[in-house]
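Presented below is the structure to which this report refers.
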Amino acid sequence: MTASNGESRDSVVVRIPRKAEWVAVARLAVAAVAIRLHFSYEEIEDLKLAVAEACTHAIRTETGETITVECEPFEDSLRVRIGTDDAEHEHDHADDIGLFLIRSLMDDVTYGRSGEILMTKRITT
Amino acid sequence: MTASNGESRDSVVVRIPRKAEWVAVARLAVAAVAIRLHFSYEEIEDLKLAVAEACTHAIRTETGETITVECEPFEDSLRVRIGTDDAEHEHDHADDIGLFLIRSLMDDVTYGRSGEILMTKRITT
Amino acid sequence: MDITINVREERKGLSVVELAGEIDVYTSPKVKDAVGALIDKGVYNLVIDLERVKYIDSTGLGVLIGGLKRVREHGGAVSLVCTNPQIKKIFDITGLVKIFGMYDSIPAAVKALA
Amino acid sequence: MDITINVREERKGLSVVELAGEIDVYTSPKVKDAVGALIDKGVYNLVIDLERVKYIDSTGLGVLIGGLKRVREHGGAVSLVCTNPQIKKIFDITGLVKIFGMYDSIPAAVKALA
Ligand SMILES: Nc1ncnc2c1ncn2[C@@H]1O[C@H](COP(=O)(O)OP(=O)(O)O)[C@@H](O)[C@H]1O
Ligand SMILES: Nc1ncnc2c1ncn2[C@@H]1O[C@H](COP(=O)(O)OP(=O)(O)O)[C@@H](O)[C@H]1O
């Protein structure tokens, strides 16, 4: 399902209120995970943008109180799962610039049944 | 119990593996929350250090797989609760430099029954 | 994590909007308000200086596109000043580089609106 | 979020350890190893340059204290170079400023070990 090889090591989870003011916290936390995994500067910027776009999408088109961002590091990649605490409604993944950017910047993107976005970025060394 | 006034607004939660390599992620995530709350540069550095010391304490003297850092913003302060997912053992809050630094840098510190550390930093404007 | 906005009138009907910081879902409404206020005052030629912008996402792009649409209705235009490769990349990927004029300096961007 | 360590021999038995980055529970073992290796080689006078250290916590302090204890057993000493107020504050709070010599420059720190 993803382009990653190897077992996942540890996961880092960040939960923020589903509000614009907290998106920067999710973005920076994922950047910190990516720094630890030795992603390049440009890859980290790509990840930050993709995470922000997924959070913005959750704020604009999903419902629920919180957004959960789960970072699963693999040997050669980072998988990020972004979803809300409310899976009980219709999900709109109609295309907009945000989703287009996610697909452009990440190596693998899937939309989960419950409205979540699962995306993987490979580490190019 | 704490020195804070006002209702808590939103909480931000970060969960990391109880391993040294992930402490920096918790530290940076709390710093990002503190930036949003307009803490001063020096206060943010104090908070980062206190969070790192609490995580280091959890790594050295507690058990469990993960460390959870919960940030609860109030009007005039930030309360941070740091604990592990294992509350089933004896807790050692014997004094060391780390706990001493936490008490020096934060405005209010309490040790929870299940080994967690609850600490509050006020925003001085 | 926040945005600073400075507006400077270059000449009648042409202003330079200098943005500094991060343009995201939280801060872009402030940019939208600042650009909207200028257009409401009849300023239809805008240079938007992104040199000190460290981060922009689709909400920021949306604000710029919205501004461009509004000024075009009055025969105006928007020129961007941007040399940061990470930010240029986002305009490249989305194809917006073809819709906005993008320049390396404020004088070049102003000249393009002459 | 990582640490860079550079060791330079100033003269026989006196080395300058230049640290850059963050010294925390993850990176301090690297500092401990570097300092330990010097002491094992018989270098008992150490200048530890913290000018490019952006962050230090109790694990970093522990490594410095541990190094100081070991060199003192051989009549040596440790001088720190540090002007960053946030880092000085931590040495102040813990009282360690009285145990280490703290100086504004490498020459001053070297001189103190003469
Ligand atoms: N690549 C593009 N080129 C030109 N216009 C675009 C492009 N992508 C999106 N737009 C337009 O920009 C505007 C803002 O887009 P977007 O931020 O995705 O949605 P929203 O309108 O919900 O903010 C929309 O009117 C959209 O049609
Ligand atoms: N203020 C201080 N002054 C002098 N020595 C100290 C001070 N605080 C701690 N120490 C000593 O520094 C060493 C390291 O302390 P610490 O990092 O707290 O514990 P650990 O030994 O578990 O790493 C210990 O030997 C301790 O006795």
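Because the structure is a prediction, the values reported are computed rather than measured. In what follows, every heavy atom counts, from backbone to side chain, and hydrogens, waters and symmetry copies are set aside.
- Salt bridge Lys89(D)/Asp46(B): present, at least one basic N to carboxylate O contact under 4.0 Å.
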*Assess whether side chain to side chain contact (heavy atoms under 4.5 Å, CB included) is satisfied between Met1(D) and Val23(B), documenting all intermediate values.*
CA-CA 10 Å; Met1(D) 277 168 44; Val23(B) 170; over 6 Å; no
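- Interface check for chain B: of the options Thr27(D), Ile90(D), Asp57(D), Ile56(D), the most heavy-atom pairs under 4.5 Å are formed by Asp57(D).
- In plain terms, the two heavy atoms of Val25(D) and Ala20(B) that are nearest each other are O-CB, 3.8 Å.
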*Test log, rule side chain to side chain contact (heavy atoms under 4.5 Å, CB included), inputs Leu49(B) and Gln86(D)*: CA-CA 10 Å; Leu49(B) 183 52; Gln86(D) 188 65 26; 5.8 Å; no
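- Ser58(D) OG to Leu99(B) CG: the interatomic distance, rounded to the nearest 0.5 Å, is 8.5 Å.
- Between Asp24(D) and Glu21(B), the closest side-chain pair of non-hydrogen atoms is not below 4.5 Å.
- By the 4.5 Å heavy-atom criterion applied to side chains, Ile97(B) and Ile65(D) are counted as neighbours.
- Taken from OH in Tyr26(D) to NZ in Lys19(B), the straight-line distance is 11.0 Å, to the nearest 0.5 Å.
- Between atom CD of residue Glu22(D) and atom NZ of residue Lys48(B) there is a gap of 6.0 Å, rounded to the nearest 0.5 Å.
- When heavy atoms are compared at a cutoff of 4.5 Å, Glu45(B) approaches chain D by way of both its backbone and its side chain.
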